[in-house]
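In what follows, a single structure is set out as structure tokens and then discussed.
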Amino acid sequence: MKKILMCLPFLFLGLIFRIYAQSFTMEQVSSFSFPSELVTSKKGNKMAWAMNEKGLRNVYVAEAPDFNPKKVTSFDKDDGQEISSLQFSPEGNWLLFVRGGEHGSNWDPNAGFNPANNSNIPKVEIWTVSLEGGNAKALTEGDYPTISPDNKTITFLKGGQVWTVDYQEGKASQLFEAKGNMNAIAWSPDGKKLLFAANRGTHSLIGIFSGSANPIQWIAPSFSRDVSPRWSGDGQKIAFVRLPGGKGEALPLLEPRHSPWEIWVADVVTGIASKRWKAPETLRGSVPTTNGGFNLNWAADDKIVYLSYEDGWPHLYAMNADSGPSMQLTKGNFMVEHISLSQDKKFLVFSANTGPDKADIDRRHIGMVAVNGGEMTLLTQGEGIEAIPTVFADNKAVAYFSATANRSLLPSVVEIKSKKSRLLAENLIPNDFPAKSLVVPKQVTFKSPDGLTVHGQLFEKEGGPTKKAAVLFVHGGPQRQMLLGWSYMDYYSNTYAVNQYLAELGFVVLSVNFRLGIGYGYEFHKAPRTYWQGAEEYLDVKAAGEYLADLPQVDKNRVGIYGGSYGGYLTALALGKDSGLFKVGVDIHGVHNLSGRLEMPEGYEKAPDYDEAVKTAWFSSPLAYIETWTSPVLFIHGDDDRNVQVSQTTDLVRRFEERKKPYEYLIIPGDSHHWMVFSNMVKVNSATADFLKKHLNP
């Protein structure tokens, strides 16, 4: 009895220490408001965006000169119905948007989606709302709308065909019918013709519809895949990208090769097109796969602008539409993304990971450059994250999203001439959001075994024991870059919040930017022998784990790992290959069998290295290492995941059961890859942290 009494004060003090050591909850740090769909009006300096506030998604507007944000919709349920395709009417008096679907998915983006498990699956619908708000209405089912220049007709896609609806009456009808799936619809500047691409499987055609009395005009039809059509400013010409069609010779699967693409220009009257530019036949000259892809735009002074990786970094180029060489507009060891053409089409704005600080390679700032060339200008600098810019109608200011290490994204405005920035909607940050308690991640670099320099962000709370537990976070994509602050992507704003919470618990957390990610040049982004071709990116993950374990403040016997999607794949690979290093892991919607990616070829012809490729893909898969997988694992997956089939996890769980291997699991019925319902996101985040905490005892 005496011994118990003597221990009580120490137990009590220990409880007090734990209570005060953790200053915020997972729900509080996950409650960040996240903006998206930033747009500006063509007339009047107005801006609009969608805002996700703990699962409540609504549209906000702000107008110069005061830019006071105003909510114009009143959706009040956490039902997972996203807002996309936000745009102003040509006169800037009302807004158009799509509500529903899962547009971050790899398939079925415009199919109904029901993460809240309502009794009926919600439809994907086209909505309108005035700038005064309070009168949002659903017009019809459909997706990817665009408004005619006369402000009267909304054209949209439904079932792969083109439809129209009157924005006042809401009466919808099919505009025309054609073979294939239509996409990339765009009105001509005079509003009399509609440009589109028709995907017909083995090839794709560019077409023009000019009224039901006229036949569809096909522009330079070929056996190629013609994509990304763009009107010239006067509507007399069209630029588009031409890719190879059909299936080529069964060449070696494990050898990297150039992916060709060309830019063509067509005359609208004659339909005759000619090749204006051909990408260099090098690996770097291949089809660009960063944000926006080709980023093809028809700019002022008859300039065609585009993005190419040909000098080793994704940069902007411009050329005259008729003749002459291309001119590189941006240059240096950095990337440009989120590219937008100004309203007068004379300059471009973009996000770039460059600036005066060497750590800027792990940030984003807003840049601009004239389409006729000249010096690139950075409109923002510093330790923040600025991304996704769009120019106002007067071409004097730029709207963008801004974040820091302690604050998630909010809309902002910067004046081009003075470079003075203005942060908007700070009142939308929840009152209990723990901004002051968050750590500032540190930039770290280390070497992979083959000599590659790898970047990461280290999250660590001051104080605590001399030896701490640690967690490695592995991002998905893999075409992603984790930053020294809150991400401009909702998925990674969420994982940033989880990393902050783990640091708050006392973990040392390392977020690793492994090869295949963006931001460090072509050779890093398109590294050979990766994914199903050899999984060499795992070298970086293991090196990150060893770097973390070797930190003097880390207990190497208490190192865990977690990641989602591609990060789930690499987490599973780490647990299968190196359970001795990674003592525990959380595998969130990961891919586990890569050999199935290689379909058995039809007929006699097959790639000369087909059998070797299948074997390589198998040994690049977590399933190949299930026998040496001894670390505890938590599997998490939503069963309406449209990015990674839930079967990737159900099949792995079945194999665990057949071998009587222990595991824990969390399945989220009805939700997707992106945890569209806030309560589901908090549940997944909490389960991840609780599992790591239980096994690593921070």
Side-chain angles (χ1 to χ4, degrees), residues 290 312-314 332-335 337 351-365 381-385 404-405 439-462 468 470-488 492 495-496 499-500 502-503 507-530 535-554 556 559-563 566-567 570-571 574 578 581-582:
T290 54
W313 295 82
N333 294 339
F334 61 91
M335 71 174 294
E337 60 177 348
S351 312
N353 62 333
T354 187
D357 188 336
K358 68 176 184 179
D360 283 329
I361 196 170
D362 292 322
R363 299 190 180 106
R364 290 291 185 276
H365 299 310
Q381 296 185 39
E383 296 182 357
I385 310 296
T404 67
V439 301
V440 176
K442 300 176 182 178
Q443 183 190 59
V444 297
T445 60
F446 50 88
K447 294 287 187 180
S448 209
D450 59 358
L452 185 71
T453 298
V454 179
H455 286 234
Q457 303 85 45
L458 193 69
F459 299 74
E460 185 177 3
K461 187 177 180 179
E462 292 184 0
K468 302 179 181 180
V471 175
L472 180 67
F473 166 66
V474 191
H475 68 74
Q479 295 189 150
R480 306 286 184 263
Q481 184 186 25
M482 301 300 98
L483 307 173
L484 293 167
W486 288 82
S487 175
Y488 51 78
Y492 298 106
T495 56
Y496 185 88
N499 289 340
Q500 287 284 357
L502 292 174
F507 286 104
V508 179
V509 183
L510 176 61
S511 172
V512 56
N513 283 338
F514 55 89
R515 72 189 75 184
L516 289 183
I518 58 175
Y520 307 105
Y522 181 87
E523 280 67 31
F524 190 95
H525 181 192
K526 299 293 184 179
R529 300 176 299 279
T530 49
E536 283 194 4
E537 67 274 31
Y538 178 65
L539 293 173
D540 306 338
V541 174
K542 184 177 180 180
E546 292 172 338
Y547 172 87
L548 191 56
D550 288 340
L551 290 175
Q553 71 273 35
V554 169
K556 63 178 58 181
V559 176
I561 185 172
Y562 88 98
Y566 204 96
L570 289 170
T571 293
D578 288 293
L581 173 60
F582 300 106

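Scanning all heavy atoms of the two residues, the minimum distance from F524 to G517 falls at CD2-O, 3.5 Å. In terms of heavy atoms, I361 sits closest to N353 at O-ND2, 3.1 Å. Nearest heavy-atom pair, F582 versus V541, reported as atom, atom and distance to 0.1 Å: CZ-O, 3.9 Å. In terms of heavy atoms, Q457 sits closest to P441 at CB-CB, 4.0 Å. Listed here is the closest heavy atom pair of P478 and F514: CB-CE1, 3.8 Å. Between D357 and R363, the shortest heavy-atom contact is OD2-NH1, 3.6 Å.
Y562 places a side-chain heavy atom less than 4.5 Å from the side chain of T495. When side chains are defined from C-beta on, V444 does not count as touching H455, because their heavy atoms never get closer than 4.5 Å. Between L502 and F459, every side-chain heavy-atom pair lies at or beyond the 4.5 Å cut-off. Annotation: side chain of E546 is not in contact with side chain of F446 (no heavy-atom distance under 4.5 Å). With a 4.5 Å cut-off on side-chain heavy atoms, V454 and Y547 do not count as touching. Within the 4.5 Å cutoff, side-chain heavy atoms of Q481 are placed close to those of D362. Proximity of L510 to L551: side-chain heavy atoms (C-beta onward) are nowhere separated by under 4.5 Å. Contact annotation: the side chain of E337 approaches that of R364 to within less than 4.5 Å [non-hydrogen atoms, C-beta and beyond].
Remark: L483 CG to D360 CG distance equals 11.0 Å, nearest 0.5 Å. Residue N499 holds its CG atom at 10.5 Å from CG of L458, rounded to the nearest 0.5 Å. Between the CZ atom of R480 and the CG atom of N513 there is a distance of 12.0 Å, given to the nearest 0.5 Å. Between the OG1 atom in T530 and the CG atom in L516 there is a gap of 4.0 Å [rounded to 0.5 Å]. A distance of 15.5 Å separates OH of Y520 from CZ of F334, quoted to the nearest 0.5 Å. Considering OG1 of T354 and NE2 of H365, their distance stands at 8.0 Å, rounded to 0.5 Å.
With sequence neighbours excluded, the residues forming a side-chain hydrogen bond (donor to acceptor under 3.5 Å, both in side chains) with H525 are Y309, Q479, listed by chain and number. For E523, the side-chain hydrogen bond (donor to acceptor under 3.5 Å, both in side chains) partners at least two apart in sequence or on another chain are R284. Not counting sequence neighbours, T571 has no partner by the side-chain hydrogen bond (donor to acceptor under 3.5 Å, both in side chains) test.
Between R515 and D450 there is a salt bridge, since at least one side-chain N of the basic residue sits less than 4.0 Å from a carboxylate O of the acidic one. Under a 4.0 Å N-O distance rule, the pair E460/K442 does not qualify as a salt bridge.
If you look at Y496 and F473, their ring centroids are not closer than 6.0 Å.
Aromatic ring orientation, Y492 versus H475: perpendicular (interplanar angle above 60°, classes split at 30° and 60°).
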